[in-house]
Amino acid sequence: MQLTKASEADTAQPQVIIYPKPMRDFTEDNWYPLQLLKLALRESNVAHRLQPSDDVLVQSRALKLLEENQNITLAWSMTSAEREDNLLPVRIPIYKGLYGWRLLLVKPGSALLQNPVSSVAELKKYILVQGHDWPDNVLLRSNGLRLDTATHIELLFSMLQKGRADAFPRSVLEIWSEMDARPNQFAVAPGVALYYPTAVYFFFNKQNAALAQLVEQGLNRAIANGKFDQLFYQHHRDAIARSALSQRTILRLHNAALPENTPVQRKELWFNVSPQSN
């Protein structure tokens with residue numbers, strides 16, 4: 001995205017920015033994506049007011065409304081070629097690529113607890129659960145992994161608990177809080193993690209390029225002055241440490257659908273670890 005200098009008109013009047021109302025009790029004071037958005041807007045001197053959508057929006061619905069330029073200003077999601085065609089991405093991975101670092105949530109007594117997998121070939125023996133419209137489904141299947149899907153995340157936990165699937169790959173940033181919120185129901189498979197290159201971006205409607213440019217400008221400024229990493233690790237340091245990625249065998253998956261404009265060359269945008277790999 002080509003940056004242009006913001007005019008006074010861009011920044012003088014407070015902009016109402018509507019984001020998808022979450023299912024959980026998140027607000028702009030405790031939700032990392034909104035705090036990062038606020039940081040970017042401050043760095044670009046954008047007067048703003050954040051406002052949740054009237055209704056709770058699942059990801060697919062939020063992205064559809066955004067494409068139609070109805071009721072919301074932006075959303076954030078894992079990227080895909082289709083999403084980048086339909087919407088306007090700010091190509092800075094807001095989670096530093098850590099949504100592509102996955103641990104396996106399993107139920108107590110799982111074979112994956114007693115006999116950890118050490119290769120993608122071994123993982124192919126097991127059934128994984130995923131949301132039906134998640135963009136990484138194509139990636140997982142293209143690597144030969146077996147999936148079962150459902151429309152709602154709570155159904156995925158239920159499928160795992162009832163033995164309809166063997167594991168639920170979750171980001172290192174999600175898995176610990178999800179497990180802790182369900183005491184004694186789940187465990188994390190030891191000794192292994194999945195990795196595939198991907199990014200979660202802020203997305204805008206294509207007609208809202210001016211605001212997208214300002215957010216991109218603000219994020220780049222926050223990266224340069226260290227405030228991006230400060231906020232990121234403030235929220236995620238504990239989950240990263242608990243995941244101990246450098247002590248796990250990393251099963252690297254190929255992402256043939258990674259959009260060609262993904263800024264993989266900008267090393268400062270990505271979390272880096274040097275684990276054992278298979």
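The structure displayed is predicted, hence computed values, not measured ones. Keep in mind that the numbers below use all heavy atoms, side chains included, and drop hydrogens, waters and symmetry copies. Residues: numbered from 1 along the sequence shown.
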Could you note down all residue pairs passing salt bridge (charged side-chain N to carboxylate O under 4.0 Å, His left out) where residues 185-200 supplies at least one of them, sequence neighbours left out?
none
Test Glu43 against every option in Arg221, Lys38, Lys227 by the salt bridge (charged side-chain N to carboxylate O under 4.0 Å, His left out) rule and name the one that passes.
Lys227
Taking atom CD as the centre, does Glu260 end up with more than 12 heavy-atom neighbours from other residues, nucleotides or ligands that are less than 6.0 angstrom away?
no
Residue pair Asn205 / Leu88, side-chain heavy-atom distance below 4.5 Å:
no
If we only count heavy atoms from C-beta on, is the Val46 to Gln15 side-chain gap below 4.5 Å?
yes
Take Leu245 and Tyr195 through the side-chain contact (heavy atoms from CB on, under 4.5 Å) test and state the conclusion after the steps.
CA-CA 10 Å; Leu245 290 172; Tyr195 169 70; over 6 Å; no
To the nearest 0.5 Å, atom CZ of Arg146 lies from atom CG of Leu123 at 10.5 Å
Check the orientation of Tyr233 and Phe271. Use parallel for under 30°, tilted for 30 to 60°, and perpendicular for over 60°.
tilted
Could you check whether any side-chain heavy atom of Leu211 comes within less than 4.5 Å of a side-chain heavy atom of Ile17, counting everything from C-beta outward?
yes
Could you walk me through whether Leu36 and His235 pass the side-chain contact (heavy atoms from CB on, under 4.5 Å) test, one step at a time?
CA-CA 11 Å; Leu36 183 61; His235 280 265; over 6 Å; no
If you take all heavy atoms of Trp270 and Pro263, which pair is closest and at what distance?
NE1-O, 3.1 Å
Distance check, rounded to the nearest 0.5 Å: Lys21 atom NZ versus Leu57 atom CG?
9.5 Å
Can you name the nearest heavy-atom pair linking Gly97 to Trp101, along with the distance?
O-CD1, 3.5 Å
If you draw a 6.0 Å radius around CD in Gln114, do more than 12 non-hydrogen atoms from other residues or ligands fall strictly inside?
no
Can you tell me if Asn184 has over 12 outside heavy atoms packed within less than 6.0 Å of its CG?
no
Between Leu269 and Leu39, is there a shared hydrophobic cluster once you connect ILVMFWY residues whose side-chain heavy atoms come closer than 4.5 Å?
yes
Between Tyr196 and Leu258, is any pair of side-chain heavy atoms under 4.5 Å apart?
no
Heavy-atom donor-acceptor pair, Ser53 side chain to Pro20 backbone, under 3.5 Å:
no
Are Val117 and Leu112 close enough that some pair of their side-chain heavy atoms sits under 4.5 Å apart?
yes
Under 3.5 Å, side chain of Asp166 to main-chain N/O of Ser110, donor-acceptor pair present?
no
Following the transitive rule for hydrophobic clusters with a side-chain heavy-atom cut-off under 4.5 Å over Ile, Leu, Val, Met, Phe, Trp and Tyr, establish whether Trp76 and Leu50 coincide in one cluster.
yes
How long is the span from the CZ atom in Phe202 to the OG1 atom in Thr79, to the nearest 0.5 Å?
13.5 Å
Within 45° cone and under 6.0 Å: Arg170 NZ/CZ vs Phe168 ring:
yes
With a 3.5 Å distance limit and no angle check, can you tell me whether Gln230 reaches the backbone of Gly226 through a side-chain donor-acceptor pair?
no
Could you give me the CA-CA distance, side-chain angles and deciding distance for Leu145 and Leu253, then say whether side-chain contact (heavy atoms from CB on, under 4.5 Å) is met?
CA-CA 10 Å; Leu145 300 177; Leu253 305 179; 4.1 Å; yes
Specify the closest pair of heavy atoms between Arg252 and Val120, including all atoms of both residues, with the distance to one decimal.
O-CG2, 4.3 Å
With a 4.5 Å cut-off on side-chain heavy-atom distances among I, L, V, M, F, W and Y, is there a chain of contacts connecting Met159 to Leu105?
yes
Testing the basics here: between Leu128 and Pro169, what is the closest heavy-atom pair and its distance to 0.1 Å?
CD1-CG, 3.9 Å
Check whether Trp134 and Leu87 end up in the same hydrophobic cluster, where Ile, Leu, Val, Met, Phe, Trp and Tyr are linked by side-chain heavy atoms less than 4.5 Å apart.
no
Name the orientation class of the two ring planes belonging to His236 and Tyr32 (parallel below 30°, tilted from 30 to 60°, perpendicular beyond 60°).
perpendicular
Under 6.0 Å from the ring centre and within 45 degrees of the ring axis: does the NZ or CZ of Arg83 meet both conditions for the six-membered ring of Phe203?
no
Derivation and outcome, salt bridge (Lys or Arg N to Asp or Glu O under 4.0 Å), residues Asp229 and Lys96:
CA-CA 9 Å; Asp229 275 4; Lys96 297 178 75 70; 3.0 Å; yes
Does Leu98 offer a backbone N or O that forms a donor-acceptor pair with the side chain of Ser171 under 3.5 Å?
yes
Heavy atoms from other residues, nucleotides or ligands near CD of Gln185 exceed 12 (cutoff 6.0 Å):
yes
Under 3.5 Å donor-acceptor, Asn143 side chain and His254 backbone
yes
Side chains of Phe228 and Ile92 in contact at under 4.5 Å (non-hydrogen atoms)
yes
Are Lys64 and Glu68 side-chain neighbours, meaning at least one heavy-atom pair lies under 4.5 Å?
yes
When you compare the side chains of Gln130 and Asp136, does any donor N or O come within less than 3.5 Å of an acceptor on the partner?
yes
Do the side chain of Ser177 and the main chain of Glu174 share a donor and acceptor less than 3.5 angstrom apart?
yes
Could you tell me whether a side-chain N or O of Thr149 sits under 3.5 Å from a main-chain N or O of His132, the two making a donor and an acceptor?
no
To the nearest 0.5 Å, what is the distance between OG1 (Thr262) and CG (Asn255)?
8.0 Å
Please report the C-alpha distance between Leu37 and Leu41 in whole Å, then the side-chain angles of each, then the deciding distance to 0.1 Å, and finally whether the side-chain contact (heavy atoms from CB on, under 4.5 Å) criterion is met.
CA-CA 6 Å; Leu37 176 63; Leu41 293 169; 4.0 Å; yes
If you define the side chain from C-beta out and look only at heavy atoms, does anything of Arg91 sit under 4.5 Å from Glu84?
yes
Quick check: does any side chain N or O of Ser158 sit under 3.5 Å from a backbone N or O of Glu154, one acting as donor and the other as acceptor?
no
Same apolar cluster (I L V M F W Y, side chains within < 4.5 Å links), Leu155/Val106
no
Arg242, CZ atom: more than 12 neighbouring heavy atoms under 6.0 Å:
yes
